[in-house]
Amino acid sequence: MLRSPIVAACIVIAATATTPRFAAASGHGPVFGGAPPTLGKGGWQLDQAWMGRLGKGRSDDEQMLRTMLSLGITEDLQISASLPITLDSGIYMPRGRVMAMMSSNQDFETIMGWRFQRSAVGAGSRLESTLFVGATVPMQEFRSDGMLATPSVHASVASGFASRRHYFWVGGGYQYYTEREGDQMGDSFYYSAVYGYRPPFLRTDYPKPDLRFFVEAVGEHTARGLHHGFEMVVSGGDSILVGPSALLLYKQYGLEAGLLFPVYQQTNLQPDEKFRFGVNFTYFFWRK
Amino acid sequence: MKMDEALTLNRQRLRPERRAKSRRERERGWGPASIEKCRHNRPMIFTILVLLLALLPSPARAEYTRVELKIFGMDCAICAHGVRVAVQKVEGVESVELSLEHAQADIRLRAGNAVALDRFRQIVKGNGFEPKDATVTAVGTVRDSGGKLSFDISGVGTSLSVSPDKTSAATLKLLKSALDAKAAAVFEVSGVVTLGKDGKETIAVSSARQR
């Protein structure tokens with residue numbers, strides 16, 4: 001059935017790459033998981049993220065820089081656009097996302113966030129929910145593994161509670177890749193839960209620096225992909241990752257970093273993941 | 001020297017035409033002639049001064065001087081910073097301090113401002129938070145219309161109903177006594193402004209001082 005060993009090898013390599021790898025959030029939420037905060041009206045935000053994944057083998061390592069610009073159109077409507085710079089793709093080019101604001105693919109991405117529910121439940125606390133819809137457009141003809149790069153669309157919802165002491169957010173989303181000449185990445189379903197805590201000694205008032213800590217749990221399920229119209233056996237999979245992260249805010253600057261470690265992996269013979277990391281610097285600015 | 005002689009000499013010294021020009025005066029062209037010119041221009045100088053004084057804000061101008069606005073929903077430093085930056089950009093705002101612990105913005109306004117309280121509420125809403133009651137200090141006119149007191153801040157086009165339930169009896173007595181002989185009286189008032197569901201603002205006056 002396979003035309004040559006080279007084609008077979010390509011299929012195997014492509015298959016190993018169809019599990020979502022990593023992604024980073026932005027702004028003043030968690031690093032990896034989804035969160036509902038959006039910018040205020042007329043607020044701008046520039047994010048510079050460095051994210052990556054370390055696999056069991058050296059060739060599995062992946063690293064990427066991603067720059068994102070966001071604008072608050074209204075207090076509940078936000079648009080974002082981001083561009084990647086791949087530092088280390090190895091053979092296993094990252095393909096998916098883990099339900100956050102930045103894709104881990106070599107794609108240009110736009111996202112619109114609509115905060116459809118918001119209520120202040122106390123002086124420093126609120127409940128809110130946001131719907132995100134987005135699209136990605138590949139910036140290359142082929143993925144590094146030889147698979148045709150195709151656009152995708154995705155939608156996710158994040159909801160939760162924020163206060164001066166505790167944060168709790170949950171979210172989930174779905175990403176669909178289009179098919180081209182028989183090549184199609186498997187659809188991704190992703191979900192996350194984040195708990196955040198600001199200890200009493202860090203509950204300092206503005207304009208002092210604001211530091212808080214998170215525990216993030218991220219899960220993802222990826223369907224098997226297609227290559228030349230054939231379903232790839234060595235593709236797709238499930239994984240759940242858990243890890244710590246921290247966010248520091250000071251005036252118009254934000255810095256966050258985090259690690260995720262797999263607690264469950266079902267990789268369909270693909271390489272296991274050791275951990276993933278994300279570092280994000282944010283600059284906020286406002287115009288009239 | 002006799003006393004009369006001394007007085008005469010002093011008078012002569014005081015008369016400009018008798019004074020000798022100093023080197024500095026000579027350089028600047030000052031001296032008796034220029035002083036005479038000033039005398040001729042007195043009406044014009046007086047007019048200019050009157051105009052300048054008219055342009056200066058009256059101390060009794062109706063306006064807010066301080067607003068402490070409660071804000072619900074702010075949890076982090078960047079939330080507070082966004083609100084502070086937006087409020088600071090409003091013309092007439094002298095300073096603004098944000099507190100996450102007290103969940104409020106403390107805004108001081110310059111004399112002669114024309115900023116309404118609603119402007120700050122809109123800014124807070126625009127940042128995704130909920131404005132609540134505001135403790136204000138303002139200068140305005142207290143009026144009695146059919147037994148109901150109102151506090152008009154004409155400089156910003158606002159009329160607040162004085163809440164009889166939440167204002168102390170002593171303060172109400174003070175306001176009403178000032179209105180005994182006239183229809184309106186100017187007061188500096190401090191109190192809590194609440195926005196009702198019908199869009200009307202009421203003020204619970206905590207202190208009042210007649211101007």
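Numbers restart at 1 for each chain; the letters A, B, ... are given by sequence-line order, proteins then strands. Computation of the quantities below employed the complete heavy-atom set of this structure, encompassing side-chain atoms and omitting hydrogens, waters and symmetry-equivalent molecules. Note that the coordinates shown come from a computational prediction; the quantities given were computed from them, not determined experimentally.
Taking A/Glu128 as the reference, A/Arg115, A/Arg126 meet the salt bridge (charged side-chain N to carboxylate O under 4.0 Å, His left out) condition, with sequence neighbours excluded. B/Asp106 is linked by a salt bridge (charged side-chain N to carboxylate O under 4.0 Å, His left out) to B/Arg66, counting only residues two or more places apart in sequence or in another chain.
For chain A, no part of B/Ile123 is nearby; none of its heavy atoms comes within less than 4.5 Å. Residue contact with chain B, scored on non-hydrogen atoms closer than 4.5 Å, is absent for A/Tyr250.
With a 4.5 Å cut-off on side-chain heavy atoms, B/His102 and B/Glu68 do not count as touching. Using a 4.5 Å heavy-atom threshold, the side chains of A/Phe261 and A/Phe275 count as touching.
Among B/Ile78, B/Val83, B/Leu98, the residue making the largest number of heavy-atom pairs under 4.5 Å with chain A is B/Ile78. Contacts with chain B were tallied for A/Ser163, A/Pro207, A/Pro37, A/Pro209; A/Ser163 has the most, counting heavy-atom pairs under 4.5 Å. In terms of heavy-atom pairs under 4.5 Å with chain B, the best-connected choice from A/Ala123, A/Ser125, A/Ala120, A/Ser119 is A/Ala123. With chain A as partner, the option from B/Gln104, B/Lys70, B/Arg84, B/Lys132 having the largest number of non-hydrogen pairs under 4.5 angstrom is B/Arg84. When each of A/Gly40, A/Gly43, A/Gly124 is scored by its heavy-atom pairs under 4.5 Å with chain B, the top score falls to A/Gly124. Chain A forms the most heavy-atom pairs under 4.5 Å with one residue out of B/Ala103, B/Ala80, B/Cys76, and that residue is B/Cys76.
Looking at A/Tyr174 and A/His154, their side chains never bring a donor and an acceptor atom within 3.5 Å of each other.
Taking both residues in full, the closest heavy atoms of A/Val31 and A/Ser245 are given as CG2-CB, 3.7 Å, listed atom of the first, atom of the second, then distance.
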